[in-house]
Q: 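Quick one: the structure is below, questions incoming.
Heads up: numbering here begins at 1 and tracks the sequence.
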Amino acid sequence: HVRLVESGGGLVQAGGSLRLSCVVSGYIFGNYAMAWFRQAPGAERELVSGISWSSGNIYYQDAVKGRFTISRDNTKNTAYLEMNSLKPEDTAVYYCKANTVGSFAYWGQGTQVTVSS
């Protein structure tokens, strides 16, 4: 019943920017945290950034710290990942994830981000 849909991925040159969006549809009980993961071809999925319900707690992986900004608008049931100064090593499928109060996870289908040199 709950769906997470990512959008905003695409092809961008190194140094460019993209803004990813993740819209949550359906009902999620209680407050939920959101996170962005990414998975490059042949690599394991890794946590990129996370944000609590009220945006009071934010986490960034060291590799993206200072370049990416996570945010959310709970009135729109949407989380965002603003990606600046993109590097080829940022190329991956980016997934959003919602963590419920019961630690039940919902995942989006992913959106491709490709950064060319």
Q: So how far is it from Asn84 CG to Thr69 OG1, rounded to the nearest 0.5 Å?
A: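 The distance works out to 6.5 Å.
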Q: If you compare all heavy atoms of Ser85 against all heavy atoms of Ser17, which two are closest, and at what distance to 0.1 Å?
A: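 Looking at all heavy atoms of both residues, the shortest contact is N-OG, 4.3 Å.
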Q: On a heavy-atom basis, which atom in Val113 and which in Gly9 lie closest, and how many Å separate them?
A: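 The pair with the smallest heavy-atom distance is CG2-CA, 4.1 Å.
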Q: State, to 0.1 Å, how close Val5 and Arg3 come at their nearest heavy-atom pair, and which atoms those are.
A: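 Closest approach of Val5 to Arg3, heavy atoms only: CG2-NH2, 3.7 Å.
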Q: Who are the ring pair (Phe, Tyr, Trp, His ring centres under 6.0 Å) partners of Tyr80, not counting sequence neighbours?
A: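 Expected list: none.
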Q: When you measure from the side chain of Ser52 to the backbone of Asn57, do you find a donor-acceptor pair of N or O atoms at a distance under 3.5 Å?
A: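 Checked: pair present.
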Q: Working to the nearest 0.5 Å, report the span between SG of Cys22 and CZ of Arg72.
A: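 Here the rounded value is 9.5 Å.
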Q: Could you check whether Lys65 pairs with Asp62 (Lys NZ or Arg NE/NH1/NH2 to Asp/Glu carboxylate O, under 4.0 Å)?
A: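 Salt bridge flag = yes for Asp62 with Lys65.
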Q: According to ring pair (Phe, Tyr, Trp, His ring centres under 6.0 Å), does anything in residues 38-72 pair up with another residue at least two apart or in another chain? List the pairs.
A: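 Listed by first then second residue: Tyr32-Trp53.
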Q: Measure the OG-CG distance between Ser25 and Asn77 for me, rounded to the nearest 0.5 Å.
A: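 So the gap between those two atoms works out to 9.0 Å.
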Q: Start with the C-alpha gap between Tyr94 and Leu81, add the side-chain angles, then the distance that decides, and say whether side-chain contact (heavy atoms from CB on, under 4.5 Å) holds.
A: CA-CA 10 Å; Tyr94 283 71; Leu81 187 67; 4.1 Å; yes
Q: Would you name the heavy atoms of Ala105 and Asn99 that are closest together and state the gap between them?
A: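 What the structure gives for the nearest pair is CB-OD1, 3.8 Å.
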Q: Working note: Leu47 + Gln61, criterion side-chain contact (heavy atoms from CB on, under 4.5 Å); need CA distance, chi angles, decisive distance, verdict.
A: CA-CA 7 Å; Leu47 175 64; Gln61 181 195 102; 5.8 Å; no
Q: Please name the pair of heavy atoms, one in Ala14 and one in Ser117, separated by the smallest distance, quoted to 0.1 Å.
A: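 For Ala14 versus Ser117, the nearest heavy atoms are CB-CA, 4.4 Å.
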Q: For the CZ atom of Arg67 and the CE atom of Met83, what is their distance to the nearest 0.5 Å?
A: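 Here the rounded value is 9.5 Å.
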Q: Is any side-chain heavy atom of Thr111 closer than 4.5 Å to a side-chain heavy atom of Leu20?
A: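 Thr111 reaches Leu20 side chain to side chain.
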Q: If you measure only the distance, is there a donor-acceptor pair under 3.5 Å linking the side chains of Thr78 and Asp73?
A: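 Looking only at side-chain atoms, Asp73 and Thr78 do not form any donor-acceptor pair under 3.5 Å.
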Q: Consider only side-chain heavy atoms of I, L, V, M, F, W and Y, link residues closer than 4.5 Å, and tell whether Val48 and Tyr95 are in one cluster.
A: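 No, Val48 and Tyr95 fall in different hydrophobic clusters.
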Q: Can you measure from OH (Tyr27) to NE2 (His1) and round to the nearest 0.5 angstrom?
A: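 Tyr27 atom OH to His1 atom NE2 measures 11.0 Å (nearest 0.5 Å).
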Q: Hey, are the side chains of Val12 and Thr114 touching, using non-hydrogen atoms and a 4.5 Å cut-off?
A: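 When only atoms from C-beta onward are counted, Thr114 and Val12 do not touch, as no gap falls below 4.5 Å.
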Q: Quick one, Thr100 and Tyr106 - any side-chain contact, counting heavy atoms below 4.5 Å?
A: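 In contact.
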Q: State, with a plain yes or no, whether a side-chain heavy atom of Val24 is found less than 4.5 Å away from one of Val2.
A: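 The answer is yes, as the side chains (C-beta and beyond) meet within the 4.5 Å cut-off.
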Q: Of all the heavy-atom pairs spanning Ile28 and Ala98, show the shortest one and how long it is.
A: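 Smallest interatomic distance, heavy atoms only, reads CD1-CB, 4.0 Å.
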Q: Quick test of your reading: applying salt bridge (Lys or Arg N to Asp or Glu O under 4.0 Å), list the pairs with at least one residue in residues 39-60, sequence neighbours left out, ordered by first then second residue.
A: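 Passing the test, one end in residues 39-60: Arg38-Glu46.
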Q: For a quick check under 3.5 Å, do Thr91 and Glu89 share a side-chain donor-acceptor pair by atom type?
A: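 No, Glu89 and Thr91 have no side-chain donor paired with an acceptor closer than 3.5 Å.
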Q: Mark yes or no for whether Glu6, through its side chain, and Ser21, through its backbone, hold a donor-acceptor pair below 3.5 Å.
A: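 Between the backbone of Ser21 and the side chain of Glu6 there is no qualifying donor-acceptor contact (under 3.5 Å).
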Q: Quick one: does any side-chain atom of Gln112 pair with a main-chain N or O of Gly10 as donor and acceptor, under 3.5 Å?
A: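 Flag not set: sc Gln112 to bb Gly10 has no pair under 3.5 Å.
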Q: Drop me the distance from Leu18's CG to Leu86's CG, to the nearest 0.5 angstrom.
A: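 Leu18 atom CG to Leu86 atom CG measures 5.5 Å (nearest 0.5 Å).
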